[in-house]
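For the numbers below, each heavy atom of this structure counts, side chains included, while hydrogens, waters and symmetry mates do not.
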Amino acid sequence: MNLQQTTKYYWRFLQEGIKNRLVKKPTVFYITESADWVVKRIGDILSAGTVPGFRTAVSTAGIRNSVIHYGTPYGLWGPQQIRLPHPSNALVVTWFHIPPDDGRLPVLPQVIPHVSLWHTACTLTQEKLIQLGVPPEKIVLIPLGVDTRLFRPVNDAEKKEIRQAMGLPLDKTVIGSFQKDGVGWGEGQEPKLIKGPDVFCDVVERLARRQDVFVLLTGPSRGYVKQRLKEKGIPFQHYYFDRYEEIVRCYQALDLYLVSSREEGGPLAVLESMSAGIPVVSTRVGLAPDIIRDGANGFLAEVEDRSALESNIMTLLEQNSLREAFVEQGRQTVLAYDWGEIVGLYEKQIYRVLMGRSTCCH
């Protein structure tokens, strides 16, 4: 960066800081990350539909007299330090899931007094926050949402066209897994066990002895899963796309979606699958137990229970009437989770509450 570029950069930084300091009306800043994953997408959705003046940012520099909503705890504190913004701001932290080995946990008691509200998307994480010492009255439970107009069911003819366009087989049971389940951002040869890629492969290998299966993958760092499938001769396709909206047709091409995680804050895949008319078989993680009524609109199994996951899938494949019921009931369930409804909950239960308090945003 030359002198002219450096001067221009810092002048823009100074202008932004001055602008933030001069905010007279309460403003919400949603702190996200540069990576294009769920936190960034949520920030974009909230920008389009919540309180006037809502903005996304990657830094709290210069922000005064506002509501600062951390889309993930990383922006506020890490294993060894707390990065507090100016005390005139009210702080909200979203924490989707809390791994038992999370290095931020020892610092949490020092963070709690500074946070006005904690937000999470599922009952399981809400219970963990309470166990960790967060006052229950400071926890807001608002689930993740889904665009039910975008993620829509298709009929058999449309599904056939989608599979043909994607080069997927018409005569196999297509099982979906759309996530990042490798450590780091490389090939992902080391499994991120919290996501259960080993469980997923174990279950698919069992199914392959009884059914003609095909696996459709999306997401980065899937090397471990792909290697396991190759070793067992299980056909698969890893689909890459430039725009997130392209994932819709990946769902629409499926026969079912399998969640095999050990820990989750979502996953969004539960909502997106059900909205797209795809039955879900999931472990009891994240928001799955809040949304799935076992045996009515999906199947649930205990974490690590490979036999139950396999049995549930086989039951689904063998009973067409049950599958049709899951599709219909699943779609009806997720209509209440449309982003249009969920965004209103953010505004009512978080932003309007904090902007109305005299302790901040004055």
Any sub-3.5 Å donor-acceptor pair from E246's side-chain atoms to R243's backbone N or O?
yes
Establish whether L216 and V199 are linked, either directly or via other cluster members, by ILVMFWY side-chain heavy-atom contacts under 4.5 Å.
no
So which pairs with a foot in residues 205-221 pass salt bridge (charged side-chain N to carboxylate O under 4.0 Å, His left out), sequence neighbours left out?
K172-D212, E205-R228, R206-E310, R210-E310
Contacts of E158 meeting salt bridge (charged side-chain N to carboxylate O under 4.0 Å, His left out) (sequence neighbours excluded), chain-then-number -> R152
Write out all pairs satisfying ring pair (Phe, Tyr, Trp, His ring centres under 6.0 Å) with one or both partners inside residues 208-239, taking only residues at least two apart or from two chains.
H238-Y240
Where is the tightest heavy-atom contact between L124 and P289, given as atom of each residue plus distance?
CD1-CG, 4.2 Å
Which residue, T315, L316, L317, forms the side-chain contact (heavy atoms from CB on, under 4.5 Å) with I313?
L317
V134 and I139: which non-hydrogen atoms are nearest, and at how many Å?
CG1-CG1, 3.6 Å
Heavy-atom pair of closest approach, residues Q349 and L141:
OE1-O, 4.3 Å
Parallel, tilted or perpendicular: ring planes of W339 versus Y346, cut at 30 and 60 degrees
tilted
Shortest non-hydrogen pair, V303 vs T283, comes out as CA-CG2, 4.0 Å
Within 45 degrees of the ring normal and closer than 6.0 Å to the centroid, is that where the cationic atom of R104 sits relative to Y74?
yes
Ion pair present between R262 and D198, side-chain N to carboxylate O less than 4.0 angstrom?
yes
Residue pairs meeting ring pair (Phe, Tyr, Trp, His ring centres under 6.0 Å), one or both in residues 283-327, sequence neighbours left out, come to F299-F326
Can you give me the closest heavy-atom contact between P143 and I342, atom names plus distance?
O-CG2, 3.3 Å
Please set out all donor-acceptor pairs under 3.5 angstrom arising from side-chain atoms of residues 264-281, sequence neighbours excluded.
| unit_1 | atom_1 | unit_2 | atom_2 | d |
| --- | --- | --- | --- | --- |
| E264 | OE1 | K195 | NZ | 3.2 |
| E264 | OE2 | K195 | NZ | 3.1 |
| E264 | OE2 | S261 | OG | 2.8 |
| E272 | OE1 | Y244 | OH | 3.1 |
| E272 | OE1 | Y251 | OH | 2.7 |
| E272 | OE2 | Y244 | OH | 2.3 |
| S273 | OG | A269 | O | 2.8 |
| S275 | OG | F151 | O | 2.6 |
| S275 | OG | R331 | NH1 | 3.0 |

N89 side chain vs I63 backbone, donor-acceptor pair below 3.5 Å:
yes
Distance-minimising heavy-atom pair for N297 and R293:
OD1-N, 2.6 Å
With sequence neighbours excluded, residues passing ring-ring contact (aromatic ring centres under 6.0 Å, His included) with F200:
none
Check whether R323 reaches the backbone of E318 with its side chain - one donor and one acceptor, N or O, closer than 3.5 Å.
no
NZ/NE/NH1/NH2 to OD/OE distance under 4.0 Å, D255 and R163
yes
Any chance you could measure I350, atom CD1, to S116, atom OG, to the nearest 0.5 Å?
11.5 Å
Under 4.0 Å between a Lys/Arg side-chain N and an Asp/Glu carboxylate O for E161 and K159?
no
Would you find a donor on one side and an acceptor on the other, under 3.5 Å apart, between the side chain of S221 and the backbone of G186?
yes
